[in-house]
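See below for the structure under consideration.
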Number of protein chains: 2
Amino acid sequence: MGTTQLESVPEPKYWHLKTVIGEALDSDFAVGEILPNERELAARFGVARATLRQALEQLELEGRLQRRRGVGTTVAPPRVGVDVSTTQHTWPGVAEETWQSMDASSAVAPPAVARLLDIEPDEQVHVVRRLRVTQEQPVAAELLYIPSGSVPELNVTDTPTGPARARVVLRELQRLALDGQDRAVELGSARADDAKELDRLPGAPVLVVTTRYLSEGRTAAVSVATYRADTCRLTFGDSGDLVMAS
Amino acid sequence: MGTTQLESVPEPKYWHLKTVIGEALDSDFAVGEILPNERELAARFGVARATLRQALEQLELEGRLQRRRGVGTTVAPPRVGVDVSTTQHTWPGVAEETWQSMDASSAVAPPAVARLLDIEPDEQVHVVRRLRVTQEQPVAAELLYIPSGSVPELNVTDTPTGPARARVVLRELQRLALDGQDRAVELGSARADDAKELDRLPGAPVLVVTTRYLSEGRTAAVSVATYRADTCRLTFGDSGDLVMAS
DNA sequence: AAGTGGTCTAGACCACTGC
DNA sequence: CAGTGGTCTAGACCACTTA
């Protein structure tokens with residue numbers, strides 16, 4: 001006949017497609033394998049390419065696929081569990097190999113960050129840029145905002161640039177007593193610069209982790225870390241081996 | 001002239017649009033205000049509706065807009081901070097008004113959940129369905145999986161249905177000693193049933209929080225809670241007043 | 001240079017909401 | 001019923017990677 005059973009419930013085509021392809025991924029494909037290109041897949045399923053792309057987009061959002069321009073669409077490995085637990089009560093940069101210091105500079109903090117730090121919107125702060133690398137892959141880009149009030153003795157005029165300067169700022173911060181920290185997670189889209197470092201296109205979905213470092217009753221520093229939402233699962237506590245699938 | 005300065009860097013139109021509209025939201029619109037409809041906006045900016053929609057999609061993803069079919073596009077209020085901290089070491093359902101029990105049933109757990117519970121893939125478990133309501137709005141739908149081994153004395157044959165039955169199961173669970181819990185957050189898309197309860201369309205982006213409840217060295221229960229990613233900011237610790245914007 | 005995914009268009013129809 | 005956002009099409013061109 002030709003038409004199947006989906007007249008009664010007009011489930012969107014892309015939703016149905018997503019299910020079909022998802023099942024095919026489980027049974028017929030291995031991690032890292034390359035799928036047929038979009039034009040061929042669309043033809044094979046008898047839909048427009050835009051519709052096929054809507055299905056692929058969802059699968060990529062769920063971490064099942066990975067698409068790279070000029071290369072192709074591949075089956076993604078399971079998401080990596082990234083520990084962001086707050087139990088380790090230390091300042092950033094203390095004996096950590098997970099984060100890689102990039103550089104440090106001075107700039108005015110974004111309004112939302114200035115509010116968290118309880119400083120004037122136009123006040124200059126130190127900004128340390130770091131990159132989190134797990135299993136050779138960049139998973140997060142961080143901006144750490146430190147008001148000069150938190151590191152009064154820091155003199156940046158005679159310090160070098162690049163990673164060395166970042167380490168100087170972090171070392172100065174570590175002289176403070178850390179009373180506690182706060183964390184919040186929300187969905188965002190990657191800014192152009194973050195996207196570049198994470199090897200994604202601008203606007204890619206990211207998990208934004210905002211951390212407030214508290215010292216002597218004040219917010220001594222604020223970190224805004226953007227994690228690749230497609231490849232990361234953020235874990236809290238000792239659940240590093242937690243594995244989920246939708 | 002006529003053409004502007006964007007020849008060198010061919011920034012996508014929808015990206016530029018998103019910025020322009022985002023700025024307009026800050027300056028010219030109040031929370032809850034209705035935007036012009038998509039066809040008019042597209043005409044006003046001189047782009048196809050699909051392109052305009054790509055920009056709106058991103059803004060919705062970032063929690064700046066809310067779109068409802070048949071109604072229109074409105075300016076969204078700031079995201080609500082939802083506490084998901086693990087510090088409150090209690091079983092679910094203990095003196096909580098934030099969660100609303102819906103019902104309970106028996107079913108086989110999804111493979112990933114069965115793995116977490118360390119049970120056979122085809123083993124029946126109790127499934128409690130709950131809804132988290134904040135400020136009169138549903139923000140999360142939860143499925144709580146409890147293997148019969150965790151509640152050996154529970155006899156469900158003589159219990160009622162609906163919310164009453166859910167409470168019976170929860171009460172039985174609370175008799176166990178809770179040793180600790182684990183949490184993980186990742187991006188997902190809403191299943192059809194969750195979407196319905198969260199007043200969203202299927203496939204809407206959600207933050208999936210997976211919690212493992214530990215008792216006597218075993219995983220006594222697993223909760224999979226899907227939070228609306230557009231309206232929620234998950235907070236850990238005492239950071240309920242944390243406010244961020246991109 | 002060939003092949004991939006990313007962007008964009010101009011149109012059509014559908015599903016839902018509210019009057 | 002009119003008006004909204006949601007889905008879908010068929011096509012074009014662009015940006016990027018690889019060989």
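Since we're looking at a predicted model, the values are computed, not measured.
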For B:Asp193, is the CG atom crowded, meaning more than 12 foreign heavy atoms sit under 6.0 Å from it?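 Counting neighbours around CG of B:Asp193, more than 12 heavy atoms of other residues, nucleotides or ligands fall under 6.0 Å, so yes.
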Can you tell me if A:Arg49 has over 12 outside heavy atoms packed within less than 6.0 Å of its CZ? yes
If you look at every heavy atom in [X] and [Y], which pair is closest and at what distance?
X	Y	result
B:Val128	B:Ala166	CG1-CB, 3.9 Å
A:Asp83	A:Arg132	O-NH2, 3.0 Å
B:Leu207	A:Val185	CD1-O, 4.4 Å

At a heavy-atom distance below 4.0 Å, which nucleotide of DNA chain D is the first touched by chain A, and which is the last?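 Answer, 5' to 3': D:dT7 to D:dT17.
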Dump every N/O contact between nucleotides 15-19 of chain C and the protein below 3.5 Å, one line per pair.
residue : atom : partner : partner atom : Å
C:dA15  : O4'  : B:Arg69 : NH1          : 3.3

Only one of B:Arg129, B:Arg228, B:Arg130 clears salt bridge (Lys or Arg N to Asp or Glu O under 4.0 Å) with B:Asp194; which? B:Arg129
So, are A:Arg200 and A:Glu60 salt-bridged, with charged N and O less than 4.0 Å apart? yes
For DNA chain C, the residues among residues 194-203 of chain A that have a non-hydrogen atom under 4.0 Å from it: A:Leu201
Tell me, do B:Leu17 and B:Val47 make a side-chain contact under 4.5 Å, heavy atoms counted? yes
Measure the shortest side-chain to side-chain distance between A:Val133 and A:Gln137 over non-hydrogen atoms and say whether it is less than 4.5 angstrom.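 Heavy-atom side-chain distance check fails, nothing below 4.5 Å.
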Compare side-chain N and O positions of A:Asn37 against OP1 and OP2 of C:dG3 and report whether any pair is under 4.0 Å apart. no
Just how far is it from atom CZ of A:Arg79 to atom CG of A:Asp230, taken to the nearest 0.5 Å? 7.5 Å
Name the residue closer to the 5' end of DNA chain D, choosing between A:Arg39 and A:Ala48 according to the nucleotide with the nearest heavy atom. A:Ala48
